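Heads up: the structure comes next, in structure tokens.
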Amino acid sequence: MVLLYTLTAFGGPQGHLGMMLKTFVNKRRYISEEELYEYNSFCQLLPGASSTQVLTLIGYKRGGIVLAVLTLIIWILPACILMGALSFLLTYFTDKNLTESLFRFIQPMAIGFLLYAAIKAFSVSVKNVITQVIMLLSMIVTYLLFKTPWVFPLLIIGGGIATNFSSKRIPDRENIKPRQIRWTNIWLFVVIFIIAGILSETARKQDWPNRKAYNLFENFYRFGSFVFGGGDVLLPMMLDQYVARPVAPKIIVKNPNAIKIDKTDLLTGYGMVRAIPGPVFSVASFAGGMALQKEGYRMQLLGCVLGSIAIFLPSALLVLFFFPVWQYLKKFVVVYRALEGINAVVVGVMWAATLYLLHGIPLKDFNSTSIVSLLVIAGTFLLLRYTRLPAPLIVLSCLFFGWIF
């Protein structure tokens, strides 16, 4: 089931939650709506790929660590293979005309999925005045500061604090037994971070053969450890690391062999990752390949692999460490009350994302493409809301309309 979802999960993180709701909640009943929104709220507190972390937690609930890891691999592998192949395509073929028409209505479809998920989440998570206020403020702030990375964690913290001022809605919980915390994952996360940094810096200073492979792993492991806000924040970090920084005067003197990626190629990869199924963070596979393309095809393939592993590994280690801790902490009244505000923030963020994505629809000209895009948004929402049509069929229909229109 995860493989089928993976191959049809178009639209980026904005559309993934709606598809998860349709596939894993409404159809398969693997988790409840409340659990899905709780997982999503929790993952917003962590750096890394949030939709990947949510799906990993679904696997964790169903079958523990083993199924969680297997779910993660199945989820990221197709997208990473496609994006890695794109790096070879741009390297060895000069024609860069990509299938824009085929994916023309994928963004409107994603808006439809997000609208469906936002309305469902609203009915579950926003039930009183304080949560309505939190939702509206979160929507406004997120919309105005959509590409600012710190806005998401700050809103999450603010929402959790706000709902703790009242003790009427949620009763106190007592007699909570202490729980032993397993520190393996967090220590592994820290150790890998330190070793990757040491090896990368040593390789640079001593000019090791294939030193760029060490630098590449450290770069993407660092990105995966500190990126809040998803792929929209990952792109500026890559532009700074691989486009702006290598041409800075100090870097030219200090590190003349720094990894460089052409800005046009990076933006092409970022655009294409929005048009394929799977996580947006799989753009790291493409960027890794482009970073080592001049080192030969074997090193380019290694770059794709290193980029994929390094960007997703921190997300997995962090979510699998913190989730059991979270399950224990949420039993305390202060944390349990905070969940109400956190869930309201997430609903506000979903509404803001819906409005933000509408900017991609050319409404000013209001041509035939605009009309069809609006119909796709409405049609996607209505099909999800009032039918049991599988999400993959909706995706295939949108691809078909893009091809024939």
Side-chain angles (χ1 to χ4, degrees), residues 1-2 4-41 43-44 50-51 54-55 58 103-127 131-132 135-136 138-139 142-143 146 230 274-275 277-280 343-361 363 371-402:
M1 192 63 200
V2 174
L4 179 61
Y5 168 77
T6 299
L7 295 176
T8 54
F10 290 87
Q14 291 84 8
H16 292 164
L17 186 63
M19 296 189 73
M20 287 182 195
L21 183 65
K22 184 75 171 179
T23 304
F24 300 113
V25 176
N26 296 341
K27 185 175 181 181
R28 291 292 178 175
R29 307 289 182 183
Y30 288 160
I31 58 174
S32 66
E33 285 186 37
E34 290 79 7
E35 286 175 315
L36 179 62
Y37 297 133
E38 179 189 336
Y39 292 176
N40 187 59
S41 300
C43 292
Q44 297 298 325
S50 57
S51 59
V54 172
L55 196 61
I58 294 175
F103 301 104
R104 183 178 302 169
F105 299 119
I106 291 300
Q107 181 168 322
M109 181 208 70
I111 297 173
F113 272 105
L114 185 59
L115 181 62
Y116 169 73
I119 291 176
K120 293 285 287 185
F122 177 84
S123 64
V124 173
S125 302
V126 181
K127 298 181 178 179
T131 52
Q132 291 172 358
M135 183 198 71
L136 289 173
S138 300
M139 180 181 70
T142 303
Y143 180 76
F146 195 80
R274 294 289 187 172
V280 173
N343 288 333
V345 169
V346 171
V347 177
V349 171
M350 291 167 67
W351 282 113
T354 303
L355 296 174
Y356 183 82
L357 285 175
L358 282 171
H359 280 301
I361 307 299
L363 297 177
I371 296 173
V372 175
S373 296
L374 292 175
L375 290 175
V376 169
I377 295 173
T380 300
F381 170 76
L382 293 174
L383 288 173
L384 291 170
R385 179 66 178 85
Y386 297 107
T387 74
R388 294 187 177 183
L389 189 68
L393 291 183
I394 298 176
V395 175
L396 292 175
S397 299
C398 291
L399 291 173
F400 178 73
F401 281 126

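Computed from a predicted structure; not experimentally measured.
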Distance-only donor-acceptor pairs under 3.5 Å for side chains of residues 343-352, two or more places apart:
unit_1 : atom_1 : unit_2 : atom_2 : d
N343   : OD1    : S41    : OG     : 2.6
N343   : ND2    : L339   : O      : 3.2

Who are the side chain to side chain donor-acceptor pair (under 3.5 Å) partners of E35, not counting sequence neighbours? S32, K61

Would you say C398 and V376 make side-chain contact, with heavy atoms under 4.5 Å? yes

For T387, enumerate each residue passing the side-chain contact (heavy atoms from CB on, under 4.5 Å) test, keeping only those at least two apart in sequence or located in another chain. L383, L389

Once ring pair (Phe, Tyr, Trp, His ring centres under 6.0 Å) is applied, do any residues pair with Y37, and if so which ones, sequence neighbours excluded? none

From S50 atom OG to H16 atom NE2, the distance as rounded to the nearest 0.5 Å: 9.5 Å

Could you please spell out the steps behind the side chain to side chain contact (heavy atoms under 4.5 Å, CB included) verdict for S125 and M135? CA-CA 10 Å; S125 302; M135 183 198 71; over 6 Å; no

Hey, could you give me the CG/CG distance between L115 and L384, rounded to the nearest 0.5 Å? 9.5 Å

Residue list, side-chain contact (heavy atoms from CB on, under 4.5 Å) with L375, at least two apart or on another chain: I371

Once rounded to the nearest 0.5 Å, what's the spacing between atom OG1 of T142 and atom CG of L355? 10.5 Å

Set of side chain to side chain donor-acceptor pair (under 3.5 Å) partners for Y116, sequence neighbours left out: N26

For the student: nearest non-hydrogen atoms of K127 and T131, plus distance: N-OG1, 3.3 Å

Rounding to 0.5 Å, atoms CD (E33) and CE (M20) come to a distance of 14.5 Å

What's the spacing between I31 CD1 and Y39 OH if we round to 0.5 Å? 6.0 Å

